[in-house]
Amino acid sequence: MSIIGWIVLGLIAGWIGSNIVDNGGRGPLMDMVLGIVGALVGGAIFSALGAVPITGFNLYSLFVAVVGAVVVLVIYHAVAGRRRI
């Protein structure tokens with residue numbers, strides 16, 4: 001998958017994950033970063049469970065990335081807290 005594909009998938013996964021966890025985005029850049037990290041974490045989790053990790057730009061990969069983004073966001077909130085600026 002190309003870098004543009006990773007960015008788009010990360011942005012979508014970060015936005016969906018952010019809406020699941022705290023019902024609001026962290027901003028496009030933070031959503032993208034957390035989504036890309038979440039895609040990597042989701043791929044690692046699914047790989048460890050014996051499932052297929054991210055396979056390209058499709059719904060299954062989006063699901064894996066969203067699961068990873070939710071995990072990353074929960075950890076992010078636990079570490080950083082729910083501070084509002």
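Position 1 is the first residue of the sequence; numbering continues from there. Since the model is a prediction, treat every value here as computed from it, not as a measurement.
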Engineer: So, taking the atom named CG in L11 and the one named CD1 in I16, what distance separates them when rounded to the nearest 0.5 Å?
Structural biologist: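 That separation rounds to 10.0 Å.
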Engineer: Heavy-atom count around L59 CG within 6.0 Å, excluding the residue itself: above 12?
Structural biologist: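 Atom CG in L59 is not packed in, count stays at 12 or less.
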Engineer: If you take all heavy atoms of A13 and A69, which pair is closest and at what distance?
Structural biologist: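 Smallest interatomic distance, heavy atoms only, reads O-CB, 3.7 Å.
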Engineer: Please identify which of these residues, V74, L73, I75, meets the side-chain contact (heavy atoms from CB on, under 4.5 Å) condition with V71.
Structural biologist: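 Answer after filtering V74, L73, I75: I75.
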Engineer: With sequence neighbours excluded, tell me which residues meet side chain to side chain contact (heavy atoms under 4.5 Å, CB included) with V64.
Structural biologist: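 Scan of V64 (side chain to side chain contact (heavy atoms under 4.5 Å, CB included), adjacent residues dropped) gives F46, I54, Y60.
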